[in-house]
Amino acid sequence: MSAAIREYVQPGCTVFFGGMQHGEPSAAIHEIVRQRIERLTVVSALTHTVALLLGEGLLQKLVVAYLFDLYERENCLAGRARRLGAYPELEEMSHYGLSLALFAGQMGVPFMTTRSQLGSSYLQHNPNLKEIACPFTGQKLAAVRALNPDVGILHTQRSDPSGAAHRWGSLGMDLMGINACKTIIITTEKIVAPEIIRRDPNRTVVPSFRVAAVVEVPWGAYPLHLAGCYNSDLPAFAAMCRVESTYQAHVDRFIYGVADRTAMMQRLAEDHGQPYLDRLKIQQPIESTGVINGY
Amino acid sequence: MSAAIREYVQPGCTVFFGGMQHGEPSAAIHEIVRQRIERLTVVSALTHTVALLLGEGLLQKLVVAYLFDLYERENCLAGRARRLGAYPELEEMSHYGLSLALFAGQMGVPFMTTRSQLGSSYLQHNPNLKEIACPFTGQKLAAVRALNPDVGILHTQRSDPSGAAHRWGSLGMDLMGINACKTIIITTEKIVAPEIIRRDPNRTVVPSFRVAAVVEVPWGAYPLHLAGCYNSDLPAFAAMCRVESTYQAHVDRFIYGVADRTAMMQRLAEDHGQPYLDRLKIQQPIESTGVINGY
Amino acid sequence: MNYTLSEQMVVVAARLLQDGDAVYTGVGLPTVAAFLAKLTHAPNLTIIFETGIIRTDPCLLPQGVDTLPSQTLADKLSDAFYINTLAERGLVNLGFVGAGQLDRHGNINSTCVGDYRQPRFRFPGGGGACDIASLCQNWVAILRQKKIRFPERVDFVTGPGYLDGSPGARERAGLPPGTGPKKVITDLGVFGFVDGELTLETIHARAGVRLETVRENVAWPLRELPSVGETLEPTGNEIDLLRNRIGYRSGSVTESGG
Amino acid sequence: MNYTLSEQMVVVAARLLQDGDAVYTGVGLPTVAAFLAKLTHAPNLTIIFETGIIRTDPCLLPQGVDTLPSQTLADKLSDAFYINTLAERGLVNLGFVGAGQLDRHGNINSTCVGDYRQPRFRFPGGGGACDIASLCQNWVAILRQKKIRFPERVDFVTGPGYLDGSPGARERAGLPPGTGPKKVITDLGVFGFVDGELTLETIHARAGVRLETVRENVAWPLRELPSVGETLEPTGNEIDLLRNRIGYRSGSVTESGG
């Protein structure tokens with residue numbers, strides 16, 4: 001993880017994180033904090049641990065529809081960013097607008113359209129939204145300019161060593177987001193044999209020639225839930241962010257104070273007992289019927 | 001099948017058939033022929049049994065990128081259509097163009113863009129393609145007008161009784177095509193319990209509120225192959241279409257002469273022996289590892 | 001009958017849903033309302049969450065929109081793109097949104113108060129609220145009512161209501177014809193729209209709310225139906241389902257959707 | 001060494017592929033060429049079929065592009081949309097196309113001869129050929145050479161070559177900068193492009209093809225490299241792989257991709 005982040009996430013670059021309220025690459029985000037990679041532009045939707053980049057003053061710009069932590073009454077992170085002189089520039093659009101920006105990026109076209117956001121104030125404040133007329137019908141549309149982040153990080157349930165990975169559960173902006181990126185890092189709960197991936201190639205996220213690095217990192221989305229792997233521990237995360245003292249203690253002990261995610265999970269087990277983590281695991285797994293291929 | 005086709009496929013309507021060289025809804029197409037539903041506009045990509053609609057004079061218009069049977073040296077179908085006074089109007093664009101027309105239809109926006117087809121003659125002859133300039137960059141783009149077929153038919157490997165269905169294998173234009181349609185008919189190799197579908201909801205094609213009818217029809221894609229089910233018998237189909245005599249004998253015996261696909265497959269077994277069909281079945285099935293959900 | 005104002009709000013919202021509807025809901029009261037409708041008069045309801053979850057069975061009450069319970073045994077798991085294409089196609093009958101503020105013409109603001117670049121107050125942002133407010137056939141806002149949250153004109157239109165309230169304003173802006181806010185449900189009353197203006201329809205009188213309180217908690221002279229009624233109370237069955245089947249506890253989920 | 005002209009064409013095509021390339025191939029010779037490249041000098045080749053199949057392992061030789069063998073154990077199964085987004089993003093290094101006709105400036109016609117609405121001759125249509133010719137970083141046409149198939153100017157541009165041949169014509173049309181046809185492989189020779197004009201590079205002399213035959217089978221005065229070479233013959237290893245490992249029999253697959 002350390003090497004992949006160091007090589008591909010440069011200070012000042014634009015990063016997309018997958019995981020819209022589901023299975024975000026939080027271990028990768030911790031590593032970015034640990035390496036203190038600064039002046040990042042972050043493109044993301046409903047990711048929670050991006051809050052740490054805000055609190056640690058590593059953001060230059062946020063391209064988002066929503067970030068809970070901008071609500072200064074609720075926690076200490078935006079205030080910390082201000083004090084560090086690193087309150088990010090905001091570029092805002094709606095969630096659908098953001099998904100279209102990334103989709104256009106995936107497609108290699110300069111924009112996509114929707115009627116959403118017409119009549120709203122987003123169009124006045126975001127230069128990457130413009131009103132246009134349809135060449136066939138004349139109707140008004142909001143054009144959303146394409147986004148191609150420098151690097152994208154997606155956490156997945158399983159991947160082969162080449163980066164052919166399976167992700168399932170709700171997909172938020174994962175597919176258009178990761179496909180839009182110039183460089184792709186896959187983090188995964190488990191590295192598996194290529195055959196496991198290729199027996200169900202419909203579920204493969206991107207072909208491996210698109211993947212720059214693959215990192216195995218169990219619990220890589222904690223404190224988020226990840227389908228098939230573990231439930232979320234978000235209430236604890238939200239409580240920790242509320243005030244400076246608990247926040248500072250948390251980042252010192254669980255990010256700067258450890259080498260990696262494995263060490264972090266060990267500390268969590270030490271501090272709270274192994275049952276604290278065990279209760280997050282899937283209690284009643286439901287396995288799907290597979291699909292058949294072959295000839 | 002008979003009732004679903006009679007109710008939803010009206011003379012003169014626009015029909016989308018899924019299955020781009022993979023698992024097309026051929027049983028449904030046979031039923032349309034059997035009911036002699038005329039003046040159809042067909043939107044499709046690399047479907048083979050659409051040839052029967054051409055040969056039977058049931059087409060008014062084709063919205064396609066390619067149809068083998070337009071090649072009059074190769075078989076008798078376009079010639080038959082001419083003699084029946086039903087050689088269809090052609091609206092042509094590239095395959096990617098067609099997928100974008102359907103994608104725009106799915107999205108509910110009036111067009112999508114690509115650089116493909118710029119410089120080509122498609123733009124001069126198809127009024128549903130127009131050159132536009134990007135509002136952000138000024139660059140030229142081909143705008144492809146949205147298509148929303150009246151009815152779409154997709155054949156699937158398994159579906160629950162509500163129409164929540166799983167389809168896998170190569171997907172051609174299946175997803176954007178079926179989503180673009182106003183009314184959706186799902187045909188399926190096998191009706192299964194809802195739980196089978198819901199244990200892998202990432203694979204579900206459309207939510208069931210979008211589905212008007214579900215029809216169980218084993219061998220529903222024959223003579224095409226269908227992942228997990230059977231290999232193709234396309235050489236036999238192509239040979240049959242070459243000359244009038246074999247073509248006429250085929251449609252008389254296997255379409256007009258039977259009530260449904262079950263009866264057709266029985267006739268095939270009678271005429272050629274059961275091993276003829278058995279050899280099409282998957283000889284070496286490869287089953288995927290399932291996915292886990294639950295909490 | 002004992003019930004909380006949150007329960008009253010949920011019940012009003014649930015009753016707006018019709019059998020066969022597809023509803024786009026956010027975390028909190030809207031999801032509870034959808035589950036309640038499903039268990040009462042709308043068994044064929046389809047519930048859509050913005051991360052891509054489409055389900056017809058209720059699930060364990062999500063603490064967020066997206067949880068393993070809300071994913072598990074869903075009818076379809078898709079993404080934020082797919083569910084909005086359903087909305088833009090006109091296939092989503094109703095959307096629920098929360099809002100930081102809501103103005104006289106139903107415009108919502110979940111972005112900021114004051115100048116956009118130097119705001120006096122920052123909300124977390126609109127998320128998918130603009131998409132719901134723009135694209136669903138109709139939408140309903142649910143929020144607690146305080147005067148500061150009901151300004152005459154919002155500083156930032158995060159989600160379009162009837163804009164300036166003039167006839168056809170949404171359509172002129174390019175929004176899909178016939179869409180717009182249908183109801184606003186607060187802890188004080190229920191509002192509709194007449195000529196594009198927020199209009200009080202009923203107050204939660206049985207729960208002790210007075211007309212004066214409703215009027216005092218908007219920043220302009222409130223338009224009212226000629227005869228403002230009393231909000232129909234929850235039935236015993238509804239409260240039983242809410243508490244014992246759905247597991248809803250007032251205060252156990254946050255108020256806002258979208 | 002005994003080999004057929006089809007085998008010669010395949011070998012020329014295979015040698016155009018570089019290790020690490022992503023190649024968009026159609027049925028027939030192009031697929032055989034990609035498999036051969038994979039087994040010789042380009043083990044890290046990614047092969048893309050237009051129905052959505054992306055694979056890095058060769059498979060049983062498909063009779064069509066899409067068969068159960070070509071689907072099974074693919075690296076990714078997607079759709080016609082996805083693979084073209086890869087191309088438009090500039091991520092596909094080379095595309096192979098077939099063509100009904102190819103003209104002096106590399107424009108291909110797989111649509112019709114004569115007036116579009118009253119054609120003298122109808123081809124089956126372009127399929128994905130226009131997408132490959134428009135979007136891939138470069139493309140290669142493979143077709144058998146007859147004069148009638150090499151007119152000076154095609155009646156319908158199904159896939160853009162260098163258009164009128166003027167400098168920057170593709171870019172002026174809006175096509176991605178730097179794209180365009182790179183080679184044309186026929187059963188007589190191999191052509192490149194100089195100043196946007198088809199230019200003979202080598203002839204299959206060892207297989208008995210004469211320069212005159214190549215010249216006679218285009219409809220205009222053919223441009224040639226100052227010194228037209230002989231196409232490098234297939235090696236014994238290539239022929240062995242083609243026949244015994246890939247299972248290619250000349251005539252067993254059709255010529256055209258796209």
Side-chain angles (χ1 to χ4, degrees), chain A residues 20-22 45-46 62 64-74 78 90 92-100 102-103 114-122 124-125 131 133 139-142 168-176 224-232 234-235 282 284 286, chain C residues 27 49-53 63-74 77-85 87-88 100 107 109-112 116-117 121-135 154-161 163 169-170 172-176 179 258:
Chain A
M20 186 182 186
Q21 208 172 100
H22 170 225
L46 300 186
L62 276 169
V64 292
Y66 177 97
L67 189 73
F68 177 75
D69 316 281
L70 294 177
Y71 214 163
E72 298 195 36
R73 286 178 188 170
E74 291 294 333
L90 296 175
E92 290 180 273
M93 56 195 114
S94 75
H95 271 145
Y96 189 44
L98 187 57
S99 78
L100 293 176
L102 292 166
F103 215 109
T114 174
R115 286 169 294 181
S116 182
Q117 306 176 105
L118 292 173
S120 79
S121 303
Y122 289 114
Q124 291 150 45
H125 295 288
E131 197 175 295
Q139 74 184 92
K140 286 183 189 173
L141 293 162
W168 64 89
S170 61
L171 295 176
M173 298 190 195
D174 299 340
L175 301 185
M176 64 281 297
L224 267 286
H225 54 289
L226 181 65
C229 298
Y230 37 82
N231 288 279
S232 94
L234 280 177
I282 311 279
Q284 297 181 310
I286 298 176
Chain C
V27 65
F49 298 122
E50 74 166 333
T51 59
I53 301 169
Q63 295 223 308
V65 167
D66 190 310
T67 62
L68 295 194
S70 70
Q71 288 188 14
T72 295
L73 297 177
L77 289 175
S78 62
D79 60 17
F81 174 80
Y82 184 79
I83 55 102
N84 280 297
T85 67
E88 185 140 18
N107 304 299
N109 176 12
S110 298
T111 305
C112 65
Y116 178 67
R117 290 289 163 202
F121 184 81
R122 238 338 282 204
F123 295 108
C130 183
D131 307 317
I132 294 175
S134 299
L135 302 177
V154 291
D155 292 334
F156 191 105
V157 177
T158 306
L163 299 171
R170 281 180 68 90
R172 277 199 309 283
L175 294 164
T179 59

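Reminder, nothing fancy here: chain letters follow the sequence lines and each chain counts from 1.
- Interatomic distance, CG of A:Leu175 versus OH of C:Tyr82, reported as 14.0 Å (0.5 Å rounding).
- The part of C:Leu135 that comes within reach of chain A is its side chain, from C-beta onward, which places non-hydrogen atoms under 4.5 angstrom from that chain.
- A donor-acceptor contact under 3.5 angstrom links the side chains of C:Tyr116 and A:Glu92, judged on distance only.
- Interface check for chain A: of the options C:Gly52, C:Ser78, C:Pro160, the most heavy-atom pairs under 4.5 Å are formed by C:Ser78.
- Ranked by heavy-atom pairs under 4.5 Å with chain C, the first of A:Leu100, A:Leu118, A:Leu70 is A:Leu118.
- With C:Asp66 contributing its side chain and A:His22 its backbone, the two residues share no donor-acceptor pair below 3.5 Å.
- When every heavy atom of A:Ser170 is checked against every heavy atom of C:Gln71, the shortest pair comes out as OG-NE2, 3.1 Å.
- In this structure, chain C has a heavy atom under 4.5 Å from the side chain of A:Leu46, while its backbone stays farther away.
- The contact between C:Leu73 and chain A is made entirely by side chain atoms (from C-beta outward), counting heavy-atom distances below 4.5 Å.
- For a residue to count as touching a neighbouring chain, one of its non-hydrogen atoms must lie under 4.5 Å from one of that chain's; by this rule C:Thr85 touches chain A with backbone and side chain alike.
- Looking only at heavy-atom pairs under 4.5 Å with chain C, the residue among A:Gly119, A:Ser120, A:Gly172, A:Ser94 that has the most is A:Gly172.
- Residue C:Phe121 touches chain A through its side chain alone, counting heavy-atom pairs closer than 4.5 Å.
- Taking every heavy atom of both residues into account, A:Tyr71 and C:Arg122 meet most closely at CD2-O, 3.9 Å.
- A donor-acceptor pair is defined here as one N or O able to donate and one able to accept, closer than 3.5 Å; no such pair exists between the side chain of A:Gln21 and the backbone of C:Thr51.
- Here C:Asp79 contributes atom CG and A:Met176 contributes atom CE; the two are 4.0 Å apart, rounded to the nearest 0.5 Å.
- A donor-acceptor pair is defined here as one N or O able to donate and one able to accept, closer than 3.5 Å; no such pair exists between the side chain of A:His125 and the backbone of C:Arg117.
- Within the 4.5 angstrom heavy-atom criterion, no atom of A:Ser232 approaches chain C.
- The residue among A:Gly169, A:Ser99, A:Ala78 with the most heavy atom pairs within less than 4.5 Å of chain C is A:Gly169.
- Looking only at heavy-atom pairs under 4.5 Å with chain C, the residue among A:Ala65, A:Ser121, A:Ala227 that has the most is A:Ser121.
- Per-residue counts of heavy-atom pairs under 4.5 Å with chain A were compared for C:Gly125, C:Ser134, C:Pro124; the largest is that of C:Pro124.
- Using a 4.5 Å cut-off on side-chain heavy atoms (C-beta onward), A:Tyr230 and C:Leu68 make no contact.
- Remark: side-chain polar atoms of A:Arg115 are paired, donor with acceptor, to backbone N or O of C:Glu88 under 3.5 angstrom.
- Residues C:Val157 and A:Tyr122 form no side-chain contact, since every pair of their non-hydrogen atoms from C-beta on lies 4.5 Å or further apart.
- For A:Lys140 against C:Gly174, the heavy-atom pair with the smallest separation is CB-CA, 4.1 Å.
- When all heavy atoms are compared, the tightest approach of C:Asp131 to A:Tyr96 is OD2-N, 2.8 Å.
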